[in-house]
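To keep things clear, I will list the structure first and then write my remarks on it.
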Amino acid sequence: DTGVSQDPRHKITKRGQNVTFRCDPISEHNRLYWYRQTLGQGPEFLTYFQNEAQLEKSRLLSDRFSAERPKGSFSTLEIQRTEQGDSAMYLCASSFADRGIGKLFFGSGTQLSVL
Amino acid sequence: GQQLNQSPQSMFIQEGEDVSMNCTSSSIFNTWLWYKQDPGEGPVLLIALYKAGELTSNGRLTAQFGITRKDSFLNISASIPSDVGIYFCAGFSNAGGTSYGKLTFGQGTILTVHP
């Protein structure tokens, strides 16, 4: 399977705990994105990387959220001190930098439930 | 911030019928895209539009980039049961120096097809 892979698919945690999600993009893609989706809404941009550089971060992203993409390959998204409002589907996507704006390939997401 | 308004919010149709949905914005977008999302999966790109007035087809799907650059529509002809899902419009605007990573998504149109 050469698609975008996300792990875990589901995560249940208690409020106040830290969680970390992993994303493995399509290997040839140099851009990687994180989006968040709540029930009944479209995906909402969080951050994106070109290679290992984090080029933009949403103002909606609090300091409790951090993303990394060491060596420009896989990426991790960490949420510290989780809150119930963090419950959502976290989607990772990847793309080529020069093959059409917006042509993102999404993974199946990580569903986070904060109790 | 930028918002995309999709209509209708949901549609219930019979197999074989044609479907039309649209997306509007109060601000200009330079790129319009249409994605489809199945339950438990990430969105999948259907059509990308890069030029005002552009009309593009992908099989039974046809989408247009509005002349004003503030709207787009998607048509599905001769619907089949596997067309069931949530359809999202998405736009990119480079206003304000936004980097190329950030797409704005609509809230989605839920399509149900009765056999």
Side-chain angles (χ1 to χ4, degrees), chain A residues 1 3-6 9-10 21 23 25-26 29-51 53-61 67 69 75 88-111, chain B residues 1-10 21 23 25 29-51 54 56 58 63 65 69 72 74 85-110:
Chain A
D1 185 10
V4 177
S5 176
Q6 292 189 245
R9 288 295 307 273
H10 300 91
F21 310 141
C23 172
I26 293 171
H29 287 177
N30 49 6
R31 285 189 176 167
L32 185 147
Y33 314 78
W34 287 98
Y35 281 77
R36 177 172 64 189
Q37 185 177 26
T38 54
L39 197 63
Q41 300 297 318
E44 181 181 46
F45 173 79
L46 293 179
T47 188
Y48 100 99
F49 295 81
Q50 180 152 325
N51 300 315
Q54 187 173 18
L55 296 188
E56 187 172 355
K57 189 174 175 181
S58 169
R59 283 171 288 182
L60 300 173
L61 215 58
R69 193 184 182 196
S75 176
M89 172 79 85
Y90 290 83
L91 292 163
C92 176
S94 67
S95 75
F96 290 106
D98 58 355
R99 296 192 190 178
I101 294 170
K103 290 187 174 179
L104 275 55
F105 292 78
F106 282 89
S108 298
T110 293
Q111 182 67 53
Chain B
Q2 296 172 326
Q3 283 189 315
L4 296 181
N5 299 306
Q6 281 189 250
S7 65
Q9 288 190 328
S10 61
M21 59 189 79
C23 190
S25 171
F29 281 84
N30 306 104
T31 298
W32 286 91
L33 308 113
W34 287 91
Y35 282 82
K36 182 191 177 203
Q37 187 173 28
D38 292 329
E41 300 295 330
V44 174
L45 180 65
L46 299 173
I47 293 179
L49 303 155
Y50 296 104
K51 191 174 178 181
E54 180 181 355
T56 297
N58 177 8
F65 188 142
R69 292 194 285 161
S72 177
L74 175 71
I86 305 176
Y87 290 80
F88 290 100
C89 63
F92 169 76
S93 168
N94 57 6
T98 302
S99 68
Y100 289 105
K102 181 178 178 181
L103 290 182
T104 299
F105 281 80
Q107 77 274 31
T109 293
I110 302 170

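As a basis for the values below, the full set of heavy atoms in this structure was taken, side chains included, without hydrogen atoms, waters or symmetry mates. Worth saying up front: this structure is predicted, and the values here are computed from it rather than measured. Just so we're on the same page: letters track the sequence lines, and every chain starts at 1.
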Do you know which two heavy atoms are closest between [X] and [Y], and how far apart they sit?
X: B/Gly40; Y: A/Arg9; answer: O-NH2, 2.8 Å
X: B/Phe88; Y: A/Gln37; answer: CZ-NE2, 3.4 Å
X: B/Leu33; Y: A/Lys103; answer: CD2-N, 4.3 Å
X: B/Leu103; Y: A/Tyr35; answer: N-OH, 3.0 Å
X: B/Tyr50; Y: A/Ile101; answer: OH-O, 2.8 Å

Checklist entry - Once you round to the nearest 0.5 Å, how far does OG1 of A/Thr47 lie from NZ of B/Lys102? => result 11.5 Å
Checklist entry - Could you give the distance from CG (B/Leu45) to CZ (A/Phe106), rounded to the nearest 0.5 Å? => result 9.5 Å
Checklist entry - Between B/Gln37 and chain A, which part of the residue has a heavy atom less than 4.5 Å away: side chain, backbone, both or neither? => result side chain
Checklist entry - Checking heavy atoms, do the side chain of B/Ala90, its backbone, both or neither come under 4.5 Å from chain A? => result neither
Next on the checklist: Could you check whether atom CZ of A/Phe49 has more than 12 heavy atoms from other residues, nucleotides or ligands sitting under 6.0 Å from it?
Outcome noted: yes
Checklist entry - So does B/Glu41 have more than 12 non-hydrogen atoms from other groups sitting under 6.0 Å from CD? => result yes
Next on the checklist: Contact between A/Leu91 and B/Pro43 at the side-chain level, heavy atoms closer than 4.5 Å - yes or no?
Outcome noted: yes
Next on the checklist: Taking side chain as everything from C-beta outward and backbone as N, CA, C, O, which of these in A/Gln6 sits under 4.5 Å from a heavy atom of chain B? Side chain, backbone, both or neither.
Outcome noted: neither
Next on the checklist: Given heavy-atom pairs under 4.5 angstrom as the criterion, report whether the side chain, backbone, both or neither of A/Leu104 touches chain B.
Outcome noted: both
